[in-house]
Trainee: 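Okay, here's the structure, questions in a sec.
Here is the naming used below: chain letters follow the sequence lines, and residue numbers restart at 1 for every chain. The model shown is predicted, which means the values in this text are computed figures rather than measured ones.
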Amino acid sequence: MKVRTRFAPSPTGYMHIGNLRTALYAYLFAKKNNGDFILRIEDTDRARFVPDAVDFIKRTLKAANIVADEGPGIGGAYGPYVQSERMEIYKKYAMELIEKGAAYPCFCDEKKESAANEDKKFGGYNRACRDIPPEEAKARMETEPFVVRQKMPLTGETSYFDVLHGAISFNNEELEDQILLKRDGMPTYNFANVIDDHLMEVTHIIRGAEFITSTPKHVLLYEALGWETPAFIHLAPVMGKADDGSVSKLSKRHGATSFEDLVNMGYLPEAIVNYVALLGWNPKNSTQEIFSMDELIAEFSLEGLSKSNSVFDYEKLNWMNGEYLKAMTDAEFSKLAKPFAGDLGELEDNWAKISALLKTRISKFNEIPEEIAFLREMPPFDANLYVNKRNKVTPDFAREILPGAIELLEAIPDKDWENDKLYERLNAFITEKGYKKGAALWPVRISVSGKAATPGGATEILSILGKAKSLERMKNSLENLG
RNA sequence: GGCGCCUUCGUCAAGUGGUUAAGACACCGCCCUCUCACGGCGGGUUCAUGGGUUCGAAUCCCAUAGGCGUCACCA
């Protein structure tokens, strides 16, 4: 039998990182087994419907390089793939269950139903509806508003096998007569889900652990319909860590939690996918951590899934993103990083040089503006910045060396104002004077950057700034030294 | 609260009765070095607790604790 998995989000206009991971695993499993991956939109809650959310989901999956074989706008033999377009189908099966006596319509008014009632089993209203004869039910359904409920067993237990967790069972007493069709005619998640997964021939349901406790309801539905149950795989949730060290389900208070947020911060989609893949899954027999999508597909297996919660760790994501950045060519990096650089003004022409220096120094693109701020504008700084213990540099030494360095640089023609030549000249000067290279170049770099740490060394910064600006900065710095 | 799932370094995790309990991030040290970073080398820190079973337990069983989830005409 061909493996078929699905990702079935509700259209909220937001792709939580946990959902992305669920989609990824479903996709990887399908592809690993030469199966199909289906996108299905579960938009049965009219109140929460967000316009354009379907497009958003599709764009997100595309950016993440998760490709659906079937879905809205993609096509496939099992459509439509949007639940609101499948109303007739759900209605048909609901009627079938009513005929069978496995479900029944409830005509009680909404208020009464929602009122608290000790008889929870029947949703807080009278259980008499349960025994309504099918004929009478059908007649009243023509004129009165109703919901359809499934008759749940009063005793015994329902169990199922979860590929990850093994056998799980629940007492049927815990289950109330679940609603199949809502008052507005829409199916509930529990109902539509079962119908669609069966009709779309889904073989493996990969979804979040929050569905563990509602799965017995689904199982009872499969049984009532006389259908075989698919395999269930319930994934442990992704947690976030708060500043106080406490851990809870990943949410806004932990910072960015959607794929889009992360991309906007300057993380690469490939790196996010790679990191998320490893949050709750690991390749057996290997310590590899950097994976392309194809490698993930090749390595993926259900055995590598973790049963326990995992905590989203920005530090590790940073590292991984940095690995992807470093693996890029300078040209690729330069191009992708550019939109994060802001207005470069006169530095525009030197972006290639600047970005090359940035590549090994940032973990994500949004660090760029701060990294290069000193190039736009000389930051004010204190003479103590000239102090460098390791090279035994002091402000006095800066006073000593700077005038000579300025004089030397001033003599260099514009055409020779580039890194290699600058380095060569400065080096010759340093050797001649008997200075140590590290010690001599430190004050130069400070005088021109005003920062203890910079992307690029002294000569690289000089070359980016250009002769005029460099000398202006050096002279000012020397003057400020007094 | 009932029910359910889970529990190896701070974090991601390997491990399925006998291991010096992998590896990675982060952290620390050294080397490299025109600062920082990159790169190289090295280091510390872990089996939630208490009982069993066993010659032997991170691995099996029970209990406790803690975390998470779920109890909707939301998914």
Trainee: Whole angstrom is fine here: how far is it from CD in E303(A) over to P in A14(B)?
Mentor: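 Computing the E303(A):CD to A14(B):P distance gives 12 Å.
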Trainee: Quick one: which of C68(B), C73(B), C34(B) gets closest to the side chain of L441(A)?
Mentor: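 That would be C34(B).
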Trainee: What integer distance in Å separates L409(A):CG from C34(B):P?
Mentor: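 My rounded result for the distance is 17 Å.
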Trainee: Using heavy-atom distances to pick each residue's nearest nucleotide on RNA chain B, tell me which of N391(A) and R21(A) is more 5'.
Mentor: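 Looking at RNA chain B, the more 5' nearest nucleotide goes with R21(A).
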Trainee: Side chain of K241(A) only, heavy atoms from C-beta on: which candidate in U11(B), A14(B), C74(B) is closest?
Mentor: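 Closest nucleotide to the K241(A) side chain: U11(B).
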Trainee: Are the charged groups of E367(A) and R361(A) less than 4.0 angstrom apart, N to O?
Mentor: no
Trainee: Does E323(A) pair with K326(A) as a salt bridge, N-O distance under 4.0 Å?
Mentor: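 Yes, this pair counts.
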Trainee: Between C27(B) and G44(B), how far apart are the two C1' atoms, rounded to whole Å?
Mentor: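 So the two C1' atoms sit 9 Å from each other.
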Trainee: Could you verify whether a donor N or O on one side chain and an acceptor N or O on the other, from R445(A) and T454(A), lie under 3.5 Å apart?
Mentor: yes
Trainee: Could you tell me the Watson-Crick or G-U partner of A63(B), where both distances fall under 3.5 Å? Say none if there is no partner.
Mentor: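 Per the H-bond distance test, U49(B).
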Trainee: Please tell me which of G438(A) and E210(A) maps to the more 5' nucleotide of RNA chain B, matching each residue to the nucleotide holding its nearest heavy atom.
Mentor: G438(A)
Trainee: If we take the C1' atom in both U19(B) and A14(B), what is their distance in whole Å?
Mentor: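 12 Å, rounded to whole Å.
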Trainee: Tell me, which of residues 364-375 of chain A have any heavy atom that sits under 4.0 Å from an atom in RNA chain B?
Mentor: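 The answer is none.
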Trainee: Hey, does S10(A) reach any base, or is it just sugar-phosphate, or nothing, if we go heavy atoms under 4.0 Å?
Mentor: sugar-phosphate
Trainee: Name the nucleic acid region contacted by F211(A), choosing base, sugar-phosphate or nothing; use a 4.0 angstrom heavy-atom cut-off, strictly under.
Mentor: base
Trainee: Could D196(A) and R6(A) be called an ion pair, given the rule that one side-chain N must be under 4.0 Å from one carboxylate O?
Mentor: no
Trainee: Please tell me which of the listed nucleotides, G15(B), U35(B), A75(B), lies nearest to the side chain of K284(A)?
Mentor: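 Nearest listed nucleotide: G15(B).
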Trainee: Checking H165(A) side chain against H234(A) main chain: does a donor-acceptor pair fall under 3.5 Å?
Mentor: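 Pair found, side chain donor or acceptor close to backbone of H234(A).
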Trainee: Rounding to an integer number of angstrom, what distance separates G67(B) and G29(B) when you compare their C1' atoms?
Mentor: 36 Å
Trainee: Sticking with atom P, work out how far C71(B) lies from A63(B), rounded to a whole angstrom.
Mentor: 26 Å
Trainee: What residues from residues 81-92 of chain A pass a heavy-atom cutoff of under 4.0 Å to RNA chain B?
Mentor: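 Output list: empty, so none.
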Trainee: My understanding is that only one of K217(A), M152(A), R149(A), Q150(A) makes a side-chain contact (heavy atoms from CB on, under 4.5 Å) with E176(A); could you say which?
Mentor: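 Single pass found, and it is R149(A).
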Trainee: Give none if G42(B) has no partner; otherwise give the nucleotide forming a Watson-Crick or G-U wobble pair with it, both distances under 3.5 Å.
Mentor: C28(B)
Trainee: What string of B, S and - do you get for nucleotides 20-31 of chain B, 5' to 3', when a contact is any protein heavy atom under 4.0 Å?
Mentor: --BSBSS-----
Trainee: Check nucleotides 4-8 of chain B against the protein and report each pair of N or O atoms closer than 3.5 Å, with its distance, or say if there are none.
Mentor:
from  : atom 1 : to      : atom 2 : distance (Å)
C5(B) : O3'    : H165(A) : ND1    : 3.0
C6(B) : OP1    : H165(A) : ND1    : 3.2

Trainee: Between the side chains of K316(A) and D313(A), is the shortest nitrogen-to-carboxylate-oxygen separation below 4.0 Å, so that they form an ion pair?
Mentor: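 Between K316(A) and D313(A) there is no salt bridge, as every charged N stays at least 4.0 Å from the carboxylate O atoms.
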Trainee: Just one of Y160(A), Y189(A), F232(A) clears the ring pair (Phe, Tyr, Trp, His ring centres under 6.0 Å) bar with F211(A), so which one?
Mentor: Y189(A)
Trainee: As a quick check of understanding, evaluate side chain to side chain contact (heavy atoms under 4.5 Å, CB included) for T229(A) and H218(A), giving each step before the final call.
Mentor: CA-CA 9 Å; T229(A) 54; H218(A) 306 164; over 6 Å; no
Trainee: Across all strands shown, which nucleotide pairs with C3(B) by Watson-Crick or G-U wobble geometry, both distances under 3.5 Å?
Mentor: G69(B)
Trainee: Measuring only the C1' atom in each nucleotide, how far is G15(B) from U59(B)? A whole number of Å is fine.
Mentor: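 Straight-line distance between the two C1' atoms is 8 Å.
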Trainee: Compile the donor-acceptor pairs under 3.5 Å between side chains in residues 276-287 of chain A and protein atoms, sequence neighbours left out, one pair per line.
Mentor:
from    : atom 1 : to      : atom 2 : distance (Å)
W281(A) : NE1    : S301(A) : O      : 3.1
S286(A) : OG     : Q288(A) : N      : 3.0

Trainee: Classify the side chain of R390(A) and the base of U35(B) as holding, or not holding, a donor-acceptor pair under 3.5 Å.
Mentor: no
Trainee: Write down the atom of P230(A), the atom of I205(A), and the distance for their closest heavy-atom approach.
Mentor: CG-CD1, 3.5 Å
Trainee: Hey, what are the protein-to-nucleotides 37-40 of chain B N/O distances that come in under 3.5 Å?
Mentor:
from   : atom 1 : to      : atom 2 : distance (Å)
A37(B) : O2'    : T360(A) : O      : 2.2
A37(B) : N3     : T360(A) : OG1    : 3.3
C38(B) : O3'    : K326(A) : NZ     : 3.2
G39(B) : OP1    : K326(A) : NZ     : 3.4

Trainee: At 4.0 Å (heavy atoms only), tell me whether G208(A) reaches a base, stays on the sugar-phosphate, or touches nothing.
Mentor: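 Result for G208(A) = nothing.
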Trainee: Is the base of C34(B) touched by the side chain of T459(A) through a donor-acceptor pair closer than 3.5 angstrom?
Mentor: yes
Trainee: Pick the C1' atom in U54(B) and in C12(B), then give their distance to the nearest Å.
Mentor: 33 Å
Trainee: Rounding to the closest angstrom, what is the interatomic distance between C5(B) and G10(B) at atom C1'?
Mentor: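 After rounding to an integer number of Å, I get 24 Å for this pair.
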Trainee: Checking base pairs now: Watson-Crick or wobble, both atom distances under 3.5 Å. What partners A13(B)?
Mentor: none
Trainee: What nucleic acid atoms does M320(A) come within less than 4.0 Å of, heavy atoms only: base, sugar-phosphate, or nothing?
Mentor: nothing
Trainee: When you look at N388(A) and F397(A), which way does the side chain to side chain contact (heavy atoms under 4.5 Å, CB included) test go after all the steps?
Mentor: CA-CA 11 Å; N388(A) 178 279; F397(A) 179 69; over 6 Å; no
Trainee: Write down the atom of F161(A), the atom of A167(A), and the distance for their closest heavy-atom approach.
Mentor: CD1-N, 3.9 Å
Trainee: Under 4.0 Å, counting only non-hydrogen atoms across every strand here, what does Y423(A) touch: a base, just sugar-phosphate, or nothing?
Mentor: base
Trainee: Which whole number of Å gives the distance between the C1' atom of G2(B) and that of A13(B)?
Mentor: 34 Å
Trainee: Scan T12(A) against the nucleic acid and name what it touches under 4.0 Å (heavy atoms): base, sugar-phosphate only, or nothing.
Mentor: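 Counting heavy atoms under 4.0 Å across all strands, no contact is made by T12(A).
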Trainee: Given side chains that start at C-beta, do those of F312(A) and Y275(A) come closer than 4.5 Å, heavy atoms only?
Mentor: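 Sidechains of Y275(A) and F312(A): in contact.
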